[in-house]
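Chain identifiers are assigned alphabetically (A, B, ...) following the order of the sequence lines, protein sequences preceding nucleic acid strands; residue numbering begins at 1 within each chain. Predicted model, so just to flag it, every value in this text is computed and none were measured.
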Amino acid sequence: MKPFHFAAAESPIFGVYHAPVSWSGKARAVVLCHSLGMEYMRSHRAFRQLAELLARQGWHVLRFDYHGTGDSASVSTGISLDTLKEDIALASRELSSISGVRRPALIGLRLGATLATLAVSEGLESDCLLLWDPVLKGDQYLREMEGMQEARLRHPHFPRKIKPSGEALELLGYEYSRAFLDELQGIDLYAVKSLPGQRSHLLDFEQRSVIRRPGFMVEEPVRPAQSDEAGVYGRWNDLNSAYNILQAGMAIQEISRLVI
Amino acid sequence: MERICRFGLNQGLSGILSEPEKKGLHRERPAVVLLNAGILHKVGPFRMNVELARILADRGFPVLRFDLGGLGDSAVRTGRGSETDRSCSDIESAFEFLQSTGVASSFVLIGLCSGADLALKVAGEDERVCGAVLLDGVAWATPRFHLSRQLARLGRWRSFLERKVKGMPEAPGRKPVEILERHFPQAAECRANVQSMVSRGVRLLLIYSGGYFDRYNYANQWKGMLSGLSLRGQVESEYFRYADHSYSFSVDRRLLVQRVGDWTERYFKTLSNPVQLPVVKNRSEPDRQPTLLRAKV
């Protein structure tokens with residue numbers, strides 16, 4: 001596990017590279033794409049566990065923080081869809097140069113899955129794309145986030161009144177620009193018609209009642225067998241779960257099986 | 001400017017050092033060390049540690065945020081002793097790294113929740129610590145605490161009855177959010193520890209949030225807790241009544257960061273008697289030097 005900076009020195013991206021522990025045949029590489037905000041905070045530990053498991057299976061793994069998130073440079077109000085997609089492309093190129101693998105796979109969680117799909121649809125080369133509980137419709141995602149934010153503000157014991165300040169809006173503890181939220185609003189993965197040249201998997205552990213699967217996916221979603229393991233399900237739209245660290249042992253096993 | 005650093009046994013501990021632009025001018029200043037809150041990684045809840053590190057570096061202090069063994073991006077530790085002992089040993093490794101690389105020879109610790117508990121313990125035992133900020137750290141009941149709690153219960157009953165009469169849904173339980181189970185030392189032990197630190201010249205900033213209501217429920221509770229001690233003006237406190245335990249609203253974090261920044265700058269910008277200690281070798285790994293990773297792997 002080697003933490004390092006990459007991209008422009010004046011605005012570095014923080015990444016952690018996991019070298020393959022075992023080695024068998026052809027080199028394989030995968031970039032892990034985080035979600036944002038609370039979902040990032042909840043799933044950081046799960047991503048480390050996933051990275052370690054994949055490294056044990058012989059993968060070169062890179063997990064990283066987008067600009068304006070985690071340990072990377074910049075602030076969250078500077079995020080845009082373009083900066084996020086560009087960061088995925090930078091991470092993919094970085095891992096490619098480390099591992100020698102030309103088209104690293106991408107695994108994304110929630111918005112990270114959505115961003116990875118958009119990046120690939122716009123030309124980023126990747127051999128395999130795995131979407132873990134992806135955000136399929138931006139407007140619905142924002143409605144859920146805003147609903148949780150409203151519930152948080154109306155908390156009977158800790159009610160708050162937060163005035164929007166300038167161009168930034170707060171969603172569950174993180175500030176974003178209005179322009180970025182407008183971009184999120186317009187996301188629709190169903191509009192992505194083709195993803196050339198890679199395997200795609202979609203893992204929707206929550207089996208949400210809303211539309212679950214865009215048409216371009218080539219494999220059926222796989223669920224862990226009747227699991228009631230606490231934390232397998234992110235319960236991403238539940239305020240009571242929003243502060244819990246994701247315990248995703250079973251999901252991680254399932255993902256590592258699929259990407260082989 | 002931020003640099004990734006690795007230190008400790010087999011370079012297994014990982015952190016980020018934020019340094020002031022003109023670091024040569026500030027050699028005498030202590031380094032600030034930010035600790036994990038529970039099992040959250042070094043970024044902290046809602047990126048609080050990153051904000052703190054960058055603000056304090058802007059104000060001229062070197063700041064290290066790092067992950068204790070097994071957390072975030074640090075290797076799982078193998079070793080004997082309790083979890084607390086091993087965490088204290090990791091903090092000691094951080095001090096030794098900062099000393100051996102010439103960054104600082106004295107330290108200010110900042111911790112939230114379990115991080116505050118560790119900060120208090122290390123500050124009491126390690127003479128290199130000249131200050132500590134404890135966020136929702138140790139607290140114990142005073143007579144007024146009990147009174148406030150009873151009044152709050154009456155208020156909740158009133159609210160409950162009003163909701164019943166008006167047919168409104170029941171309010172959710174008011175449970176404190178804690179990231180890890182915590183074991184507090186006895187009040188007498190804490191008081192003795194605080195007195196000892198104050199006698200040594202250590203400064204403390206005790207910050208409490210409204211989300212910590214089950215242990216701290218009015219602004220001056222700390223005065224009751226520490227009554228009778230000779231604090232010499234070295235202990236200050238702040239009560240962010242409307243903030244929750246993890247400072248989940250950015251407005252609360254801004255106030256917190258401002259308060260911590262002002263306190264640090266006021267008391268540590270120019271140390272009148274900077275601690276000058278010999279460089280201590282890393283006990284766990286005597287022959288290897290810590291590394292600063294400036295470039296790619």
Hey, does the side chain of A:Ser177 reach the backbone of A:Phe180 with a donor-acceptor pair shorter than 3.5 angstrom? yes

Salt bridge (Lys or Arg N to Asp or Glu O under 4.0 Å) with A:Glu175: which of B:Arg253, B:Arg254, B:Arg47? B:Arg254

What residue in B:Gly12, B:Gly44, B:Gly70 has the most heavy-atom pairs under 4.5 Å with chain A? B:Gly70

For B:His41, check ring pair (Phe, Tyr, Trp, His ring centres under 6.0 Å) against everything at least two apart and list the hits. A:Tyr40, A:His44

Selection from A:Arg63, A:Arg160, A:Met38, A:Glu52 maximising heavy-atom pairs under 4.5 Å formed with chain B: A:Arg160

Donor + acceptor pair across side chains of B:Arg77, B:Ser87 (<3.5 Å): yes

Which bit of B:Ala53 is near chain A, if near means a heavy-atom gap under 4.5 Å: side chain, backbone, both or neither? neither

Selection from A:Leu153, A:Thr69, A:Asn244 maximising heavy-atom pairs under 4.5 Å formed with chain B: A:Thr69

Answer with yes or no after comparing the ring centroid distance for A:Tyr66 and A:Phe64 against a 6.0 Å cut-off, counting only values under it. yes

Please flag which part of B:Ser248 lies under 4.5 Å from any non-hydrogen atom of chain A: side chain, backbone, both or neither. both

Who among B:Glu51, B:Glu2, B:Arg241, B:Arg65 has the most heavy-atom pairs with chain A under 4.5 Å? B:Arg65

Quick one: do A:Glu39 and A:Arg42 make a salt bridge, cutoff under 4.0 Å? no

Please look at A:Gln149 and chain B and tell me whether the side chain, the backbone, both or neither of the residue comes under 4.5 angstrom of a heavy atom of that chain. side chain

